Amino acid sequence: MAAGGKRLILVLALGLVLLQLWVNLGTSAQAARSSHPRLRLSHKELWDLNRTWVFHGPQGALDLHTMLLDEYQERLFIGARNALYSLSLERISIDHQEIRWPCTATQEDECLMKGREKSECANYIKVLHQYNRTHLLACGTGAFDPVCAFVRVGRWTEARLFNLEANHIEGGRGRCPFDHNSPCVSTFSRGELYIGLYTDYWENDAALCRLDNQSYTRTERDDRQQLNEPKFVGSVVIPDNDDQDDDKVYFFFTEKAVDMESGNNAVYTKVARVCANDLGGQRMLVNKWSSFIKTRLICSVSGPNGIDTHFDELEDVFVLRKKDEKNPEIFGLFSTTSNIFKGYAVCVYHMDHIRTAFNGPFAHKDHPEHHWTAFEGKVPFPRPGSCASQVNGGHYSSSKEYPDEVLRFARDHPIMFQPVHPLHRRPILLRADGERRLTQVAVDRVEAQDGHYDVLFIGTDNSVVLKVITIYNKETDTMEEVLLEELHVFKVPVPITEIIISAKRQQLYVGSEFGVAQVKAYHCDLYGSACADCCLARDPYCAWDGVTCSRYYPAGIHNKRRFRRQDVRHGNAAQQCNGLQMNGEQLQKVEEKSVYGVENNSTLLECSPRSPLAKVLWFLQRGSEKDEVRVGDRVVKTPHGLLFLRLRRADAGTYLCQSAEHGFVQEVAQITLEVLEEEHVEELFHRVEEVEEEGGGSQHKALPCPIPGLPQGSTSKLWYKEFLQLIGYNNFHKVEEYCERVWCSDRRRKKLKSLQPKWRFSHVQERRGRVRGDHHRMPRNALVT
Ligand SMILES: *[C@@H]1O[C@H](CO)[C@@H](O)[C@H](O)[C@H]1NC(C)=O
Ligand SMILES: *[C@@H]1O[C@H](CO)[C@@H](O)[C@H](O)[C@H]1NC(C)=O
Ligand SMILES: *[C@@H]1O[C@H](CO)[C@@H](O)[C@H](O)[C@H]1NC(C)=O
Ligand SMILES: *[C@@H]1O[C@H](CO)[C@@H](O)[C@H](O)[C@H]1NC(C)=O
Ligand SMILES: *[C@@H]1O[C@H](CO)[C@@H](O)[C@H](O)[C@H]1NC(C)=O
């Protein structure tokens with residue numbers, strides 16, 4: 001066979017391998033379809049869009065351990081390794097202030113003498129709170145010798161203050177762990193620090209404590225009923241009613257199961273509660289909580305065979321505050337503890353359910369070997385777990401006045417019998433793709449046209465923030481997850497360790513050891529400027545305003561534009577955008593093109609809609625008939641388009657590629673497929689080779705060469721293009737070279753002229769009167785309701 005023919009075979013064979021790869025990718029993409037976001041933005045894209053800014057710290061590795069948002073001062077305070085930073089909320093990458101706070105030489109020496117690594121012997125700032133109007137309270141590990149100090153912040157005339165009160169550095173034991181990897185959670189409220197931590201060097205003593213300048217109240221030492229090797233995750237102060245004396249402090253943690261509670265190595269997630277004003281007992285429980293109670297937080301899905309999958313390991317907790325301070329919503333991010341299968345779930349808890357469990361029966365055991373039962377005896381008054389306040393008739397001004405009987409009962413019954421079940425008794429979100437670990441969750445409540453939505457921002461171990469909404473369907477009792485965006489906020493893959501939302505600025509501040517990224521919570525116009533694109537995105541932040549997709553504000557706030565189209569719940573673009581499809585400007589343009597394929601060979605009709613969530617439909621247009629393309633062994637749908645593994649003459653025709661998403665159908669591409677007969681292609685090459693052998697001599701550089709003997713109406717340019725499409729644009733240079741060598745001399749041209757055109761199209765389509773190729777025209781949109 002002639003050299004040109006062989007080259008073509010090679011090119012086509014290679015094409016076939018690549019196409020097979022596409023088929024496989026297509027199959028796997030189908031399986032994981034639900035994990036596709038509507039938008040996926042790389043770090044570079046976020047950067048180019050000015051949607052993100054990153055603060056890396058002066059040394060490039062921040063080793064961030066805590067962040068504190070101060071909306072009033074418009075600063076983000078950061079506790080890192082040997083340093084504190086104050087960053088601008090407006091643009092965190094500029095105008096930062098730094099406080100160097102390393103450990104002392106003595107601290108470092110002693111740390112090294114204990115056999116610790118040099119990297120551990122530093123001052124990791126793990127606790128950072130707004131102490132009062134002028135000062136922050138900061139505590140660090142001080143190279144295994146915890147320290148605390150105040151930091152002066154605020155403004156003094158023109159200057160922004162950010163100074164460590166270096167001459168008042170205090171011991172930080174009980175306020176900061178020794179080891180920077182030790183879990184520690186804290187809350188600051190009314191001058192008091194509530195903290196969950198391991199208080200000692202060897203990490204034997206886990207405690208939930210309160211410290212102020214006069215008292216230190218904590219859990220019992222070595223009481224495994226209260227705490228059993230806990231991993232502290234979160235804490236919050238929540239009022240019960242308008243009486244401050246009834247304020248409760250809640251701690252969220254995972255701990256080992258106690259004895260018979262279940263199998264050997266089981267861990268459970270617990271919520272524990274104490275009264276903020278608890279001072280402990282007078283003779284018993286001195287400086288110990290008299291109001292400590294805890295119960296289990298359940299997050300599970302029921303299986304078809306009645307076996308539930310439990311998500312028992314709490315990874316993060318987010319408290320969504322509302323106008324009603326007494327009833328925030330608690331979002332827990334959980335993982336399975338199984339070694340074989342790593343799954344994640346987000347469960348939501350209402351305060352009603354938590355309070356009901358704490359007001360319910362106490363768990364009781366008559367004998368250590370027995371099972372837990374609900375305590376049915378008489379509970380002493382005031383009921384353990386309630387606070388010294390008006391709810392007890394004002395009989396007790398402090399827990400120190402509680403009768404011994406009450407304290408004894410409290411000490412013996414720290415566990416409640418009823419667990420807390422999540423809202424709808426199921427997770428609002430489930431992930432089990434095994435792709436990445438989920439580490440953080442933060443939630444923004446967003447007002448939309450059809451109600452409010454909780455937008456979840458979920459951090460992963462590979463620098464990604466997932467933006468998700470979940471919609472509960474009451475009729476079917478099912479949960480729908482809508483993955484809106486996948487944002488790669490850092491350049492390198494690092495675990496995300498903090499996410500703070502500024503609802504006021506609609507920015508996220510995302511922390512990792514690598515740095516802090518500031519990311520805007522939405523970027524509406526990226527969904528596309530068409531009404532349909534905007535509606536289908538279902539992003540509660542965004543609505544179509546008559547011109548483009550922009551930030552949605554509920555009526556009354558920014559009411560200048562009344563014309564808003566949004567449907568988060570159903571994404572019903574057909575209904576929302578009906579009547580707007582005639583306005584060609586606002587809709588995606590339909591792509592039109594021609595593709596040439598060789599009979600008995602493979603060909604791909606490319607079409608990939610903008611949204612990865614859209615379903616693609618293919619139709620073959622014949623006259624006025626429009627039939628859906630039957631796919632099977634020979635014709636396959638891939639994410640890149642329709643693949644013919646073995647082309648037949650009868651396949652020639654006009655193909656319409658439509659995308660369907662949420663009942664909204666739009667035409668994306670129109671492709672005319674022409675099928676070349678195999679023998680004629682080969683014949684053509686033979687001819688070309690023959691001409692080449694005869695020739696020799698002078699060469700002509702001008703391209704494209706006019707080729708004689710092509711079908712009527714065709715130009716050399718067309719032939720050239722067809723040829724390129726046939727053997728692939730990747731081989732453009734080869735074709736050019738070849739063409740130049742073979743055809744581009746006057747002598748050859750004359751010879752070619754003498755040859756009869758023996759090849760032809762098996763399907764000659766009418767294309768008179770309009771320019772072929774990738775030109776755009778008014779779109780044709782089908783609205784399906
Ligand atoms: C980003 O900001 C720079 C300057 O701050 C500006 O020149 C550029 O156009 C902006 N890019 C976008 C996409 O807005
Ligand atoms: C805040 O607390 C610090 C440290 O106790 C103290 O020096 C300062 O005076 C306090 N500021 C105000 C305004 O109370
Ligand atoms: C210590 O507590 C008392 C009363 O609770 C308060 O008046 C005083 O200002 C506090 N001292 C400091 C240094 O905060
Ligand atoms: C593709 O076409 C070449 C020649 O054009 C032919 O030799 C080859 O067998 C074809 N491949 C298939 C799979 O039909
Ligand atoms: C294409 O394949 C079919 C079935 O194998 C065969 O009958 C036909 O001759 C082939 N066409 C060409 C042009 O090779």
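Given the structure is predicted, the values throughout are model-derived calculations rather than measurements. In listed order, ligands and their atoms are each counted from 1.
Salt bridge K467/D539: present, at least one basic N to carboxylate O contact under 4.0 Å.
Atom 6 (C) of ligand 1 has as its closest protein heavy atom N50 ND2, 4.1 Å.
In this structure, atom 11 (N) of ligand 1 has a protein heavy-atom contact shorter than 4.0 Å. For atom 4 (C) of ligand 1, no protein non-hydrogen atom is found at a distance below 4.0 Å.
Under the salt bridge (Lys or Arg N to Asp or Glu O under 4.0 Å) test applied with E485, the options R40, K520, R51 reduce to a single match, R51.
Listed by atom number, the atoms of ligand 2 under 4.0 Å from N132 heavy atoms are 1 (C), 2 (O), 3 (C), 8 (C), 10 (C), 11 (N), 12 (C), 14 (O).
Aromatic ring centres of F144 and Y201 lie closer together than 6.0 Å.
Between C111 and C121, the sulfur-to-sulfur (SG-SG) separation falls under 2.5 Å.
Residue contacts with ligand 2: Y131 is placed with no nitrogen or oxygen under 3.5 Å of a nitrogen or oxygen of the ligand (distance criterion only).
Counting heavy atoms only, T134 comes closest to atom 13 (C) of ligand 2 of the residues L137, L136, V151, T134.
Taking the side chain as every heavy atom from C-beta outward, R75 and S88 approach each other to under 4.5 Å.
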